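One structure below.
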Amino acid sequence: MRSGTPGFVGPCLREAREARGLTAVSLAELLGVSTSAVSQYEKGAHSPSPEVLERICEVLKLPPHFFLSEPPPSDERPIFYRSMSTATKGARTRVERRYGWMRRIVNFLRRYITFPPVGFPDFGLPDDPTAIRRADIEQVAEKVRRSWKLGDGPISNVAWLLENNGAVLSRQELGADELDAFSQWSDADHTPYIVLGSDKSSGPRSRFDAGHELGHMILHRKFKKPVVLNNPLYRLMEQQAHAFSSAFLLPAASFSLECHRPTLDLFRALKPKWKVSIQLMIRRSGELGYLSEQESRRLWINLARRGWRLQEPLDDSLDHEMPRFLRRSFELLVEKGIIARNEIPFQLRLAASDIESLSNLRKGYFFEPVGQDEPEPVLKFPRIQAQG
Amino acid sequence: MDFSSNEPASIFDHYVDRRFQARSFWLLIRCYERAVRHCGKYAREVAHDHFPYHRRTLFEDRWLKLAKAEGIPAASENNYAHNCHHTTIRIGSIVMIAQAVENPGDPVRRAIFRNTLAESNQRLLFENQRIKPVADSPLLALLLHGPTTSKVPYFADIMFPLPDLPGLNAYHEERISLFARFPKLVQRIETPKEETILDSIEPQIRTDIPKTGDDV
């Protein structure tokens with residue numbers, strides 16, 4: 001073996017490459033090495049020279065010590081993607097890798113921060129999704145509201161509701177048009193993790209995504225098989241999560257009080273109140289029998305004529321709901337002087353910009369000048385130096 | 001006292017006291033609710049067809065009675081074709097009529113009587129003109145509410161129509177939102193109320209923090 005970097009962990013390179021959405025070929029081009037060299041580094045057969053490692057860090061925008069320790073084991077439970085069937089494997093792998101980093105951040109924070117207890121009710125639903133009936137889903141959505149002491153009115157903030165009940169939530173750029181959100185119930189810490197996309201969807205659509213992921217966490221928590229996209233079981237689970245989200249956000253009992261006969265203009269008027277898309281209100285009205293098939297079809301045609309399929313009115317004025325627990329946890333650690341803010345990326349072995357985006361912190365947070373009131377950190381960490 | 005042509009809302013408030021504004025707004029809300037209850041006995045399709053007419057009839061009738069009970073000159077006036085009546089309320093130089101539309105600021109259906117009434121709003125077209133409000137120089141104020149098929153109103157605005165300008169810009173930019181002006185009445189509308197999710201979550205530092213950092 002030529003002079004390499006002692007302690008270099010090959011799988012970390014693969015993880016980093018996939019997190020950045022690069023193929024081995026394109027990484028090799030960016031590094032100026034052969035594709036087989038990249039492959040050898042990733043398998044751990046060879047380790048890169050210090051110069052190549054420096055280049056790797058530059059290209060992948062990660063600190064050297066990221067590559068010097070084993071990545072934590074990943075959770076075995078399935079990840080539910082709210083994605084269109086066209087979402088590429090590459091896109092999913094990219095978000096999964098970054099999700100792994102989010103889990104790393106949460107593990108780090110758990111050492112210092114008490115997380116809220118998880119209050120996601122378990123209604124003893126079967127682990128086989130085919131045994132869950134449509135009528136069950138309406139009831140379950142209602143029971144979740146009751147369990148969280150909610151009436152049937154519009155929910156002011158779904159993201160906060162999920163966080164208040166113990167979900168770990170993050171809003172990130174998922175980097176693929178086809179991916180909207182995903183979730184996983186972790187066996188490791190018995191916590192639901194929900195990641196919402198910030199790239200393209202409107203605020204109302206993202207609320208539906210949040211309801212959809214909540215649906216998976218309630219209906220499919222016991223489902224343990226790997227999720228295979230596009231197979232009938234996956235499609236069924238997606239439909240069930242959709243139905244849950246509709247019923248959760250627009251309960252039959254209260255939504256029926258809003259309209260005599262649904263029209264696009266009425267839905268437009270209701271949109272700021274219920275904070276859901278007009279398209280969802282059409283679908284829900286159809287499900288609840290307020291619209292005949294013919295009426296429903298006419299509304300969809302008129303919706304398209306008005307150009308509302310692509311851009312609905314008020315989408316710009318209804319903001320994305322932002323999670324706040326991870327962000328506040330970091331701010332608390334810094335504020336209380338538990339850890340110096342510039343120490344955190346070092347401890348996490350991640351780029352500051354990644355931690356900021358995964359935790360919904362403002363850009364540049366970790367490199368802001370230390371405030372006069374910021375106390376001397378309580379914990380001093382030994383520095384980990386890249387060897388070689 | 002005179003006003004600028006830029007401030008029709010001030011002219012309106014000068015003549016129409018808040019109490020009458022509030023009572024008219026509350027009446028409107030109640031008429032939506034009563035019409036819903038009334039139409040509940042019909043089949044859905046029939047109820048849909050009948051609802052806007054019933055609500056309009058209720059409101060036009062009760063608004064006329066309300067104004068008369070308050071000693072405000074009001075009349076049920078015929079339209080140009082003599083096939084429909086509408087309540088017209090006159091307070092000082094303000095002339096008020098009501099109309100349901102689908103969206104806030106939507107133009108109202110063209111009608112000769114409305115256009116005639118709006119003629120006197122010609123002065124709103126000219127900026128910074130001084131207006132001496134007198135009885136023979138009326139200012140048309142339109143109570144615009146809707147949506148028409150809703151079980152409750154989602155907007156109710158006092159609008160000042162510009163004369164004979166069809167289209168979405170047919171109103172003076174000043175408007176009075178009765179929803180914003182009377183929030184307590186809005187709270188009483190029988191409609192699902194928002195479930196407020198409190199921003200109550202605050203991370204807490206653990207009491208058993210390790211003294212040195214371990215690998216993550």
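The model shown is predicted, which means the values in this text are computed figures rather than measured ones. In what follows, chains are A, B, ... by sequence order, proteins preceding strands, each numbered from 1.
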State the [atom1]-[atom2] distance between [X] and [Y], to the nearest 0.5 angstrom.
X	Y	atom1	atom2	answer
B:Glu202	A:Phe325	CD	CZ	9.0 Å
B:Ile205	A:Leu332	CD1	CG	4.0 Å
B:Ser150	A:Asp265	OG	CG	11.5 Å
B:Arg206	A:Ile113	CZ	CD1	9.5 Å
B:Ile197	A:Leu161	CD1	CG	4.5 Å
B:Glu195	A:Ser254	CD	OG	8.5 Å

For chain A, which residues of residues 153-160 of chain B have heavy atoms nearer than 4.5 angstrom: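 Within residues 153-160 of chain B, the residues under 4.5 Å from chain A are B:Tyr154.
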
Just to be sure I understand the criterion: a residue of residues 53-62 of chain B counts if one of its heavy atoms is under 4.5 Å from a heavy atom of chain A. Which ones qualify?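 The stretch does not come within 4.5 Å of chain A.
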
Under the 3.5 angstrom rule, does the side chain of A:Arg328 hit a backbone N or O of B:Ile201 as a donor-acceptor pair?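 Confirmed, A:Arg328 side chain pairs with B:Ile201 backbone.
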
Sub-3.5 Å donor-acceptor pair from the side chain of B:Lys151 to the main-chain atoms of A:Ser256, do we have one?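 Yes; at least one donor-acceptor contact below 3.5 Å.
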
Who wins among A:Leu333, A:Leu150, A:Leu109, A:Ile155 for the most heavy-atom pairs under 4.5 Å with chain B?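 It is A:Leu150.
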
Check whether more than 12 heavy atoms from other residues, nucleotides or ligands sit under 6.0 Å from atom CZ of B:Arg37, and answer yes or no.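 Counting neighbours around CZ of B:Arg37, more than 12 heavy atoms of other residues, nucleotides or ligands fall under 6.0 Å, so yes.
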
Can you say whether B:Pro203 sits under 4.5 Å from chain A via the side chain, the backbone, both, or neither, judging by heavy atoms?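 Interface part for B:Pro203: both.
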
Proximity breakdown for B:Asp199 and chain A, heavy-atom pairs closer than 4.5 Å: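 Both the backbone and the side chain of B:Asp199 come within 4.5 Å of chain A.
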
Contact part of [X] toward chain B, heavy-atom cut-off under 4.5 Å: side chain, backbone, both or neither?
X	answer
A:Glu321	neither
A:Asn164	both
A:Trp274	side chain

Before accepting this row, confirm whether a basic side-chain N of the pair A:Lys275/B:Glu194 lies closer than 4.0 Å to the acidic partner's carboxylate O.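 Yes, A:Lys275 and B:Glu194 are salt-bridged.
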
Is the shortest heavy-atom distance from the side chain of B:Pro192 to the side chain of A:Lys273 under 4.5 Å?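 B:Pro192 vs A:Lys273: side chains touch.
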
Do you see a donor-acceptor pair shorter than 3.5 Å between the side chains of B:Thr191 and A:Glu258?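 Present: a donor and an acceptor within the cut-off.
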
